[in-house]
Structures are given as C-alpha cells and as structure tokens.
Amino acid sequence: MTKGRLEAFSDGVLAIIITIMVLEIKVPHGTDWAALRPLVPVFLSYVLSFVYVGIYWNNHHLMLGSANRISGSVLWANSHLLFWLSLIPFSTGWMGENNFAPLPMASYGFVLLMAALAYFLLKTTLIRVQGPDSRLARALGSDWKGKISPLLYALGIGASFWHTWLAGLIYVAVALLWLVPDTRIGRSLEEAAGKD
C-alpha cells in the first residue's frame with residue numbers, strides 16, 4: 001500500500017466521524033430560544049470533539065507527510081488509531097445527552113486516552129520503519145506534549161467522578177495544548193523540500 005492510499009483512507013474515516021457527530025445534534029421541535037437550551041451540552045460536546053478530530057487529522061497529516069516508507073505494522077497501528085477515534089461520536093453523544101454526568105465524562109476521557117496511546121504507537125511505529133535518524137525522529141524530539149497528554153487524560157478520568165467540570169477543564173486544556181500545530185514536523189518538511 002502506498003502512503004497516499006493510507007492518508008486517503010484515514011481522511012475518509014475522519015470525515016465520516018465528523019459527519020456522525022454532527023448528525024447526533026437533533027433539530028429541536030420548537031422555534032424559540034428555549035427550544036435550543038437542551039442542545040447546549042450536546043453542542044459543547046460536539047465542538048470539543050470536532051476540535052479533537054481536527055487536531056488528530058492535522059498531526060496525522062504532518063506525521064505521514066514526513067514518512068518515506070509504510071509497512072504492515074504502520075497499517076495496523078493506523079487502524080488501531082482510527083478504531084479509537086471512531087468511538088469519539090459515541091462518547092461525545094453520551095456525554096452531551098447526559099449533561100456531562102460522571103460515567104459519560106469518564107468514558108469520553110477513556111476514549112481520548114486510548115486515542116492518544118494509539119497515536120503514540122503509530123508515531124513510534126513510523127519512526128521505527130523510517131529509522132532512528134529519520135527526519136520524523138529528529139522533528140519530534142522528546143515529544144513532551146505526547147507524553148503529558150495521557151497523564152492529563154487519566155487525571156480527567158479520575159476527576160470525572162469527583163467534579164465533572166474539572167474533568168471538562170482538563171479535556172479542554174489538552175485540546176488547547178494541541179490546538180497550536182506542532183511546527184517541528186512542518187519545518188522539517190520545508191527543510192527537506194529546500195534540499196531537494
């Protein structure tokens with residue numbers, strides 16, 4: 001399989017994930033502002049999840065853009081990531097429909113945690129295939145965001161059973177941490193293009 005085909009498949013899955021999430025927002029039967037009030041938690045959940053899917057799409061694109069080779073292990077690691085990302089619509093809907101109750105908040109955090117671990121696995125698999133001195137390995141360096149995010153998700157899962165608003169703040173904080181794209185890979189790709 002070529003890298004382009006893997007990227008196209010992943011893009012398609014992520015587009016379907018976003019489509020499923022937006023279809024979970026039900027149109028209200030009323031025509032006044034009060035009819036929209038019950039949708040506020042659902043909409044806020046959607047916005048946060050949309051941001052997360054966008055972050056994964058952006059970083060996935062940059063990371064694969066720096067890869068020269070794709071292997072069977074990369075295909076499986078990518079499928080593993082897409083599996084966890086495909087559960088975001090369910091956990092988003094459950095959390096929003098139940099006004100950020102503890103168990104739905106914890107399940108949302110669990111899905112985010114597993115997606116982060118799957119992304120880390122994909123990254124390490126790609127680095128192993130490209131080589132330890134590859135452009136990707138050099139660009140990522142210590143990857144402190146990738147290391148701290150799972151810890152914050154675990155903290156958010158625990159906070160879900162104590163104060164759900166604190167768990168929500170942790171999930172938003174991790175999204176804000178990643179919202180600014182990682183420029184290391186982009187710079188690495190620009191430098192490589194300049195050398196060619």
Side-chain angles (χ1 to χ4, degrees), residues 6-7 9-26 39-64 73-126 143-182:
L6 175 65
E7 287 176 303
F9 175 73
S10 301
D11 288 349
V13 170
L14 293 172
I16 291 168
I17 289 169
I18 289 174
T19 303
I20 292 169
M21 285 190 318
V22 78
L23 291 175
E24 288 296 314
I25 302 175
K26 304 300 179 206
L39 293 178
V40 170
V42 174
F43 181 73
L44 291 175
S45 300
Y46 168 75
V47 169
L48 181 60
S49 294
F50 185 92
V51 168
Y52 267 113
V53 172
I55 289 166
Y56 274 104
W57 176 80
N58 187 14
N59 288 311
H60 185 270
H61 172 72
L62 287 172
M63 190 166 60
L64 283 178
S73 58
V74 169
L75 295 177
W76 281 111
N78 192 70
S79 294
H80 181 236
L81 172 63
L82 293 177
F83 170 79
W84 289 108
L85 292 177
S86 73
L87 292 175
I88 287 179
F90 170 77
S91 59
T92 300
W94 194 27
M95 181 175 65
E97 288 290 331
N98 292 288
N99 295 312
F100 308 107
L103 187 57
M105 283 292 281
S107 77
Y108 185 76
F110 179 74
V111 170
L112 293 177
L113 172 63
M114 296 308 293
L117 295 175
Y119 185 83
F120 179 80
L121 178 65
L122 175 60
K123 179 193 75 170
T124 55
T125 304
L126 267 171
D143 190 25
W144 66 272
K145 285 196 236 180
K147 291 176 182 170
I148 196 169
S149 296
L151 298 173
L152 291 172
Y153 290 137
L155 186 63
I157 293 166
S160 297
F161 298 105
W162 182 46
H163 288 297
T164 56
W165 60 268
L166 181 57
L169 284 177
I170 292 169
Y171 301 152
V172 168
V174 177
L176 290 174
L177 180 71
W178 284 95
L179 196 57
V180 176
D182 194 338

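Along the sequence shown, residues are numbered consecutively beginning with 1.
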Item to check | Value rounded to 0.5 Å, distance of CE in M105 from CH2 in W162 | outcome: 13.5 Å
Next on the checklist: Under the criterion side chain to side chain donor-acceptor pair (under 3.5 Å), I'd like the reasoning laid out for H80 against W84: C-alpha separation, chi angles, the key distance, then a yes or no.
Outcome noted: CA-CA 7 Å; H80 181 236; W84 289 108; 3.1 Å; yes
Checklist entry - How about F100: does its CZ atom have over 12 heavy atoms from other parts shown lying under 6.0 Å from it? => result yes
Next on the checklist: With a 4.5 Å cut-off on side-chain heavy atoms, are L151 and L155 touching?
Outcome noted: no
Checklist entry - Would you say the side-chain atoms of Y52 pair up with the backbone N or O of Y171, donor to acceptor, closer than 3.5 Å? => result yes
Checklist entry - In terms of side-chain heavy atoms, does S49 have a donor or acceptor partner in Y108 at a distance below 3.5 Å? => result yes
Next on the checklist: Taking atom CD1 as the centre, does I148 end up with more than 12 heavy-atom neighbours from other residues, nucleotides or ligands that are less than 6.0 angstrom away?
Outcome noted: no
Checklist entry - Which heavy-atom pair separates A106 from I157 by the least distance, and what is that distance? => result O-CG1, 3.8 Å
Next on the checklist: When you compare the side chain of H60 with that of N78, does any pair of heavy atoms fall below 4.5 Å?
Outcome noted: yes
Checklist entry - Is a donor on one side and an acceptor on the other found under 3.5 Å between the side chain of Y56 and the backbone of A116? => result yes
Item to check | Residue pair L85 / V53, side-chain heavy-atom distance below 4.5 Å | outcome: no
Checklist outcome for this item: To the nearest 0.5 Å, atom OG1 of T124 lies from atom OH of Y119 at 11.0 Å
Checklist outcome for this item: Shortest non-hydrogen pair, L82 vs S10, comes out as CD1-OG, 3.9 Å
Checklist entry - Between OG1 of T164 and CG of L169, what distance do you get to the nearest 0.5 Å? => result 10.0 Å
Checklist outcome for this item: Output for pair (Y46 OH, L23 CG), nearest 0.5 Å, gives 9.5 Å
Checklist entry - Could you go step by step and tell me if D143 and K123 meet the side chain to side chain contact (heavy atoms under 4.5 Å, CB included) rule? => result CA-CA 10 Å; D143 190 25; K123 179 193 75 170; 2.7 Å; yes
Checklist entry - Is it the case that H61 and W57 place a side-chain donor and acceptor less than 3.5 Å from each other? => result no
Checklist outcome for this item: In short, L48 meets A175 closest at the heavy-atom pair CD1-CB, 4.1 Å
Checklist entry - So, does S149 use its side chain to make a donor-acceptor pair with the main chain of G146 at under 3.5 Å? => result no
Checklist outcome for this item: Tightest non-hydrogen contact, residues I55 and W178, listed as CG2-CB, 3.6 Å
Checklist entry - When rounded to the nearest 0.5 angstrom, what is the spacing between CG in L122 and CG in L81? => result 6.0 Å
Item to check | For A167 against S160, the heavy-atom pair lying closest together | outcome: CB-OG, 3.4 Å
Next on the checklist: Please determine whether side chain to side chain contact (heavy atoms under 4.5 Å, CB included) holds for the pair T92 and F50, giving the CA-CA distance in whole Å, both sets of side-chain angles, and the decisive distance to 0.1 Å.
Outcome noted: CA-CA 10 Å; T92 300; F50 185 92; over 6 Å; no
Next on the checklist: With a 4.5 Å cut-off on side-chain heavy atoms, are L6 and V74 touching?
Outcome noted: yes
Checklist outcome for this item: Correct closest heavy-atom pair for S73 and T125 would be OG-CG2, 3.4 Å
Next on the checklist: If you count every heavy atom of other residues, nucleotides or ligands that lies below 6.0 Å from F161 atom CZ, does the total exceed 12?
Outcome noted: yes
Next on the checklist: Before you tell me yes or no, could you show the steps for I88 and M21 under side chain to side chain contact (heavy atoms under 4.5 Å, CB included), namely the whole-Å CA-CA distance, both residues' side-chain angles and the distance that decides it to 0.1 Å?
Outcome noted: CA-CA 8 Å; I88 287 179; M21 285 190 318; 3.7 Å; yes
Checklist outcome for this item: In this structure, CG of L87 is separated from CZ of F110 (nearest 0.5 Å) by 9.5 Å
Next on the checklist: With heavy-atom distances below 4.5 Å as the criterion, would you say the side chains of L126 and M63 are in contact?
Outcome noted: yes
Checklist entry - With side chains defined as the heavy atoms from C-beta onward, is the minimum distance between V111 and Y153 less than 4.5 Å? => result no
